[in-house]
Structures are given as structure tokens and as C-alpha cells.
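Positions are given from 1 along the sequence.
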Amino acid sequence: DVTRDDLLELIQRIEKHAIRRSMGDVSAADIMCRELHTCAPQESLHQARALVRRHRLHALAVVDPDSHALIGIVTQTDLLQHLESHPSRFSLRRLSLRRETRISDIMSAPVVSVREDAQLPDLVYLLADRGMSCLPVVDAEQRLVGIITQSDLITGLYQSWMRRLSN
């Protein structure tokens, strides 16, 4: 006996398999950015904001200083939510980061991440369907080895498309 839910699950698996076949063997390792900018959980918001601005990052991975394991993530939105305002002498409102707040106080954890061998359809689901702006890539010990952004995903989709056209 096959229930309606069993049939729906089977159809979803078949669709996922078909997508995987059509997209080829592009993995997270193929498209991830290996130039990493990270921070430690004890760093201040001011330090994190400076790093985000200097490197024009959308998010900052938080890693354990000893093991280099991924333990959290801080986005631009997280930083903006932790601004405080002070009136200036010109009666304008000036925003500044709360200096006593640490990254560990605002980081999102646990972090949705993928392994290096994650395939393109899984990345599309996480970055497009779930609306994530970036996706950390970790090794077997949960150490950060790369980051995939939506731009990286588009590059991967384009590479897959070009491979199919050349075959």
C-alpha cells in the first residue's frame, strides 16, 4: 500500500534526481570562495563591522579560535539591528555600535552549512528557496573551508549550463 504522502515523497525524490542529472556534477568545492574573512566570538561589534565594511562582506563567519570550527554567523542585518543612536550636537541622530556587545551575543547559531561535496541542486535549494545570502562550506571536522554566495551559485549554474551545451 502506498499512501498519498509516500507518493509525494517519491515524486520529490525523482524530481531531485532529475535536476541533479541535468545540472551535472558541480559541487560546493567547485564554486565556493576560499578567501575567508572570519571573526572570533569574543570580538566586538565594532571590530566585526570594520571587517565587513573593509572587505564588503554580506556576512561574517564566526569560528572557534582554537579549532577553527564554524560556530556562528553574523550578517549585515545582525549588525544593523544592534546599533544604538545618540543625539549629536547638530540635533541629528548618529548611529554607533554598542561597544560592550560581543559577536557571541548576536551571532546566529547553529549555522546552516554544507560539505564540500554538496551538489548544485542542494545549494540552489538553500540559497534560493530558503532565501539565504551566503552558505558556509565546512570539512568533516566542521572547520570552515569556504563560503558560497548567491553570485557563486549563479556562476555554478552558468558553468553547468555551458557544459551541457558543449556536450
Pairing residues for E116 by the salt bridge (Lys or Arg N to Asp or Glu O under 4.0 Å) criterion, not counting sequence neighbours:
none
Atom pair CD1/OG1 of I106 and T101 - distance to nearest 0.5 Å:
7.5 Å
Out of curiosity, does V111 fall in the hydrophobic cluster containing I71 (side-chain heavy atoms, cut-off under 4.5 Å, transitive links)?
no
Locate the shortest heavy-atom distance separating S44 from R102; write the atom from each residue and the value.
CB-NH1, 2.9 Å
For the atom pair CG (L51) and CZ (R56), what is the distance rounded to the nearest 0.5 Å?
13.5 Å
Where do L127 and S133 come nearest, in terms of heavy atoms and distance?
CD2-C, 4.0 Å
What is the distance from atom CG of D66 to atom NE2 of H68, rounded to the nearest 0.5 Å?
8.0 Å
Contacts of S67 that satisfy side chain to side chain contact (heavy atoms under 4.5 Å, CB included) - sequence neighbours left out:
D64, A69
For Q42, which residues count as a side-chain hydrogen bond (donor to acceptor under 3.5 Å, both in side chains) partner, sequence neighbours excluded?
none
In terms of hydrophobic clusters joined by side-chain contacts under 4.5 Å, are V114 and L153 together?
yes
Contacts of S113 meeting side-chain hydrogen bond (donor to acceptor under 3.5 Å, both in side chains) (sequence neighbours excluded), chain-then-number -> none
Common cluster, V145/V63, ILVMFWY with side-chain heavy-atom separation under 4.5 Å
no
Roughly how far, to the nearest 0.5 Å, is the CG atom of L80 from the CZ atom of R49?
8.0 Å
Using a 4.5 Å cut-off on heavy atoms from C-beta on, say whether the side chain of T149 contacts that of I147.
yes
Taking every non-hydrogen atom, the tightest pair across A109 and G72:
CB-CA, 4.4 Å
Answer with yes or no whether the hydrophobic clustering places I73 together with V112; edges join I, L, V, M, F, W, Y residues whose side-chain heavy atoms lie under 4.5 Å apart.
no
Looking only at heavy atoms, which two atoms of A61 and L70 are closest? And how far apart?
CB-CD1, 3.9 Å
Could you tell me the separation between the CG atom of D5 and the CD atom of E9, rounded to the nearest 0.5 Å?
8.5 Å
Apply the hydrophobic cluster definition, ILVMFWY joined by side-chain contacts under 4.5 Å directly or through others, and give me every member besides V2.
L7, I11
Which residues share a side-chain hydrogen bond (donor to acceptor under 3.5 Å, both in side chains) with D6, sequence neighbours left out:
T3
Criterion side chain to side chain contact (heavy atoms under 4.5 Å, CB included) on V62 and T38, from CA distance to verdict:
CA-CA 6 Å; V62 183; T38 63; over 6 Å; no
Show me the pairs that pass salt bridge (Lys or Arg N to Asp or Glu O under 4.0 Å) and involve residues 148-158, at least two apart or across chains.
none
Across all chains, not counting sequence neighbours, the side chain to side chain contact (heavy atoms under 4.5 Å, CB included) partners of Q76 are V52, H58
Show me, pair by pair, the donor-acceptor contacts under 3.5 angstrom made by side chains of residues 134-144, not counting sequence neighbours?
unit_1, atom_1, unit_2, atom_2, d
D139, OD1, E141, N, 3.0
D139, OD1, Q142, N, 3.2
D139, OD1, R143, N, 2.9
D139, OD2, R143, NE, 2.9
D139, OD2, R143, NH2, 2.9
E141, OE1, R143, NH2, 2.9

In terms of hydrophobic clusters joined by side-chain contacts under 4.5 Å, are L157 and Y125 together?
yes
Can you sort out the partners of T75 under side-chain hydrogen bond (donor to acceptor under 3.5 Å, both in side chains), two or more places apart, ordered by chain and number?
D78
Just list the side-chain donor-acceptor pairs under 3.5 Å for residues 29-37, sequence neighbours left out, or say none.
unit_1, atom_1, unit_2, atom_2, d
D30, OD2, S27, N, 2.9
D30, OD2, S27, OG, 3.3
R34, NH2, A29, O, 2.9
E35, OE2, H37, NE2, 3.4

